[in-house]
Amino acid sequence: MQLSLQKLFENYLNKKSIFVNKDALTIKYTPYDIPHRDEQINLCAQILAPSLRMERPSNLFIYGKTGTGKTVTIKHVCSELEKVANDKNISLKVIYLNCKMRKVADTEYRLIAQLAREMGVDVPATGLPTDEVYNLFYKAVDDKELIILIILDEIDQLIKKTGDEILYNLTRINSELTKAKISIIGISNDITFKSNLDPRVRSSLNEEEIIFPPYDALQLKDILESRSKIAFVNGVVSEAVIAKCAAFAAREHGDARKALDLLRVAGELAERENCETILERHIDEADEKIETDQVVELIKGLPKQSLTVLYAILSMDKFNEENSENHTGLVYNLYKNLCLKAGLKNLTQRRVSDLINEFDMMGIITTKVISKGRYGRTKEIELNISKETSEKLSKIIEENLNI
DNA sequence: AGTCCACAGGAAGGGCAGGCGA
DNA sequence: TCGCCTGCCCTTCCTGTGGACT
């Protein structure tokens, strides 16, 4: 057994890889050239340029769907800005935080604590009053003249979770500082995000905004071509494969991230099969694999109660005898039976309703509040994942819960 | 027009774990 | 050790709601 593993690893090392730089297809890669985003890059640069004169740039809000290049663009502009600032000895600091990262920046306390940590202050994960954390941050920031650009990615998720008070507090930070100046750069997938804010918060923002439109299939093709040149050995990716990737991603609101993921996973599948080129069927397989992997990754680490609710949702169709719409009541009944089977104490319907909403936010299901007249108002639940993924998930949950 | 259903979802608060400072 | 603070998970209580039915 051990010997064959050794052989496998040796074979792997001796094999010629079809990748040259796989990182070029991942989210962490910041390309020097970002196709079809010149206008947005210039706008960002114009808005942030005053920082080079030690003037506080306007707060900036960037809107656009997933994979429209928001993050990569702002990171690119900021890194160029930092280069110039370094050359000219200008005190400029850029802090990037993703508000969706659980346990990092998903509450007001954690966000400010993380900002303070970025400024080199050690803040405990819990235990201090929030005011105190703000004070620690002020002290860390305000010891010299400095421009700080705070990029808050997926800010809509933070506001959804904690309310918009935090945004008001953030914009007021400048009035507490004497030397340093702070600008907030918010990135949101939700274009209606701003309209849901309290008017008081909206006026305190006083911001500029840039909207990133989705890429079309031709633009996605360009992006894939430029990245595949960096990522793969010459000749591995055919034009047909790129066109197919682009078409797949264009189908989903022009998501470049999805297109790059497809190409990367298809490459990995081809390499595993010892193919020297990526075939079109690898794209189909990659599409399936990405969906399953993403959902499995999402549910990893979820508590047993959430998994039981998800299992109830996954098995709705089997138990829906009248074959009517699947709704909250049905899920709750299934869930209670599952709890009995698994020896768990069941939660209240109120709480289960929140857990169902969480799965909706994760994108595993889609829910819609409907009224059935005198038969009540409820939430219609529809699965967003393929049958194969659903079956795989069910198996994982069964093993986890011993049911 | 009024009733009624089956919830949705907001608000308040309890209980717990965990960190910090006195 | 104790009191105080936090986040998190959860319950309880409550009001609101769209449309079929009477």
Side-chain angles (χ1 to χ4, degrees), chain A residues 97-117 121-140 156-166 169-170 190 192 196-198 201 298-313 316 319-340 342-362 365-382 400-401:
Chain A
L97 286 181
N98 189 327
C99 303
K100 212 178 171 181
M101 276 176 76
R102 290 182 85 175
K103 318 265 181 196
V104 178
D106 57 347
T107 65
E108 181 169 14
Y109 181 95
R110 285 176 181 159
L111 180 81
I112 306 301
Q114 191 58 33
L115 288 176
R117 279 184 212 114
V121 189
D122 196 25
V123 183
T126 168
L128 294 181
T130 311
D131 287 358
E132 185 59 32
V133 187
Y134 268 103
N135 285 335
L136 284 172
F137 178 61
Y138 295 150
K139 261 186 216 159
D156 47 320
Q157 300 287 329
L158 175 72
I159 303 302
K160 214 181 262 175
K161 199 171 164 207
T162 65
D164 50 14
E165 191 69 13
I166 182 172
N169 292 338
L170 276 174
D190 178 8
T192 62
N196 299 329
L197 294 176
D198 188 297
V201 178
L298 272 176
I299 68 155
K300 227 191 243 173
L302 281 184
K304 281 191 174 178
Q305 292 287 4
S306 298
L307 290 179
T308 314
V309 173
L310 180 58
Y311 191 81
I313 294 172
M316 285 183 305
F319 292 91
N320 189 348
E321 282 151 14
E322 297 113 55
N323 236 353
S324 54
E325 301 93 10
N326 294 312
H327 55 90
T328 308
L330 175 68
V331 170
Y332 188 62
N333 283 335
L334 286 173
Y335 158 78
K336 277 198 293 189
N337 287 334
L338 283 169
C339 282
L340 269 177
L344 287 169
K345 187 177 171 284
N346 64 288
L347 302 174
T348 56
Q349 182 155 329
R350 177 71 187 83
R351 178 65 187 143
V352 170
S353 170
D354 278 345
L355 293 178
I356 291 174
N357 285 344
E358 281 176 26
F359 289 122
D360 188 9
M361 274 180 70
M362 287 179 190
I365 55 173
T366 305
T367 65
K368 195 170 101 195
V369 178
I370 53 157
S371 177
K372 295 194 285 181
R374 73 166 310 158
Y375 304 105
R377 223 164 87 95
T378 184
K379 208 172 234 179
E380 201 180 288
I381 300 165
E382 209 182 307
N400 206 299
L401 297 174

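In what follows, chains carry the letters A, B, and so on, assigned in the order in which the sequence lines appear, proteins first and then strands, with residues in each chain numbered from 1.
Rounded to whole Å, the distance from CG on A:Leu330 to P on B:dC5 is 20 Å. Summarising the geometry, the separation between CG on A:Asn346 and C1' on C:dT11 is reported as 12 Å, rounded to the nearest angstrom. The distance between atom CG of A:Leu136 and atom P of B:dC20, rounded to the nearest whole Å, is 12 Å. Atom CZ in A:Arg117 sits about 12 Å away from atom C1' in B:dG19, given to the nearest Å. In this structure, A:Arg374 atom CZ and B:dC7 atom P are separated by 15 Å, rounded to whole Å. Rounded to an integer number of Å, the gap from OH of A:Tyr134 to P of C:dC5 is 18 Å. Look at CG on A:Leu347: it is 11 Å from P on C:dC9, rounded to the nearest Å. When the P atom of B:dC7 is taken as reference, atom CD of A:Glu380 falls 13 Å away, rounded to whole Å.
Expressed to the nearest 0.5 Å, how far OH of A:Tyr332 lies from CG of A:Asn337 amounts to 11.0 Å. Atom CD of A:Glu380 is separated from atom CD1 of A:Ile370 by 4.5 Å, given to the nearest 0.5 angstrom.
Listed pair A:Ser371 / C:dT17 fails the phosphate criterion, with no side-chain N or O lying under 4.0 Å from OP1 or OP2. The side chain of A:His327 contributes an N or O atom lying less than 4.0 Å from OP1 or OP2 of B:dC7. Contact annotation: A:Lys372 side-chain N/O to B:dC7 OP1/OP2 distance is not under 4.0 Å. Between A:Tyr332 and the phosphate of B:dC7, there is no side-chain N or O to OP1/OP2 separation shorter than 4.0 Å. OP1 or OP2 of B:dA8 has at least one side-chain nitrogen or oxygen of A:Ser353 nearer than 4.0 Å. Taking 4.0 angstrom as the limit, A:Asn357 places a side-chain polar atom (N or O) nearer than this to OP1 or OP2 of B:dG9.
For A:Val331 against A:Ala312, the heavy-atom pair with the smallest separation is O-CB, 3.8 Å. Between A:Ile356 and A:Thr367 the shortest heavy-atom distance is CG2-CG2, 4.0 Å.
Each of A:Lys379 and A:Gly373 lies near DNA chain B, and the nucleotide nearest A:Gly373 is the one positioned closer to the 5' end.
For C:dG19, the base has no donor-acceptor partner in the side chain of A:Arg377 [N/O atoms by modelled type, under 3.5 angstrom]. With hydrogens and angles ignored, a donor-acceptor pair closer than 3.5 Å exists between the side chain of A:Arg350 and the base of B:dG10.
A side-chain contact (heavy atoms from CB on, under 4.5 Å) with A:Gln305 is found for exactly one of A:Leu310, A:Leu347, A:Asn346, namely A:Leu347.
In the set C:dC10, C:dA20, C:dT11, C:dA20 carries the atom at the smallest distance from any side-chain atom of A:Tyr375.
Contact annotation for A:Asp354: no contact, since no heavy-atom pair falls under 4.0 Å across all strands.
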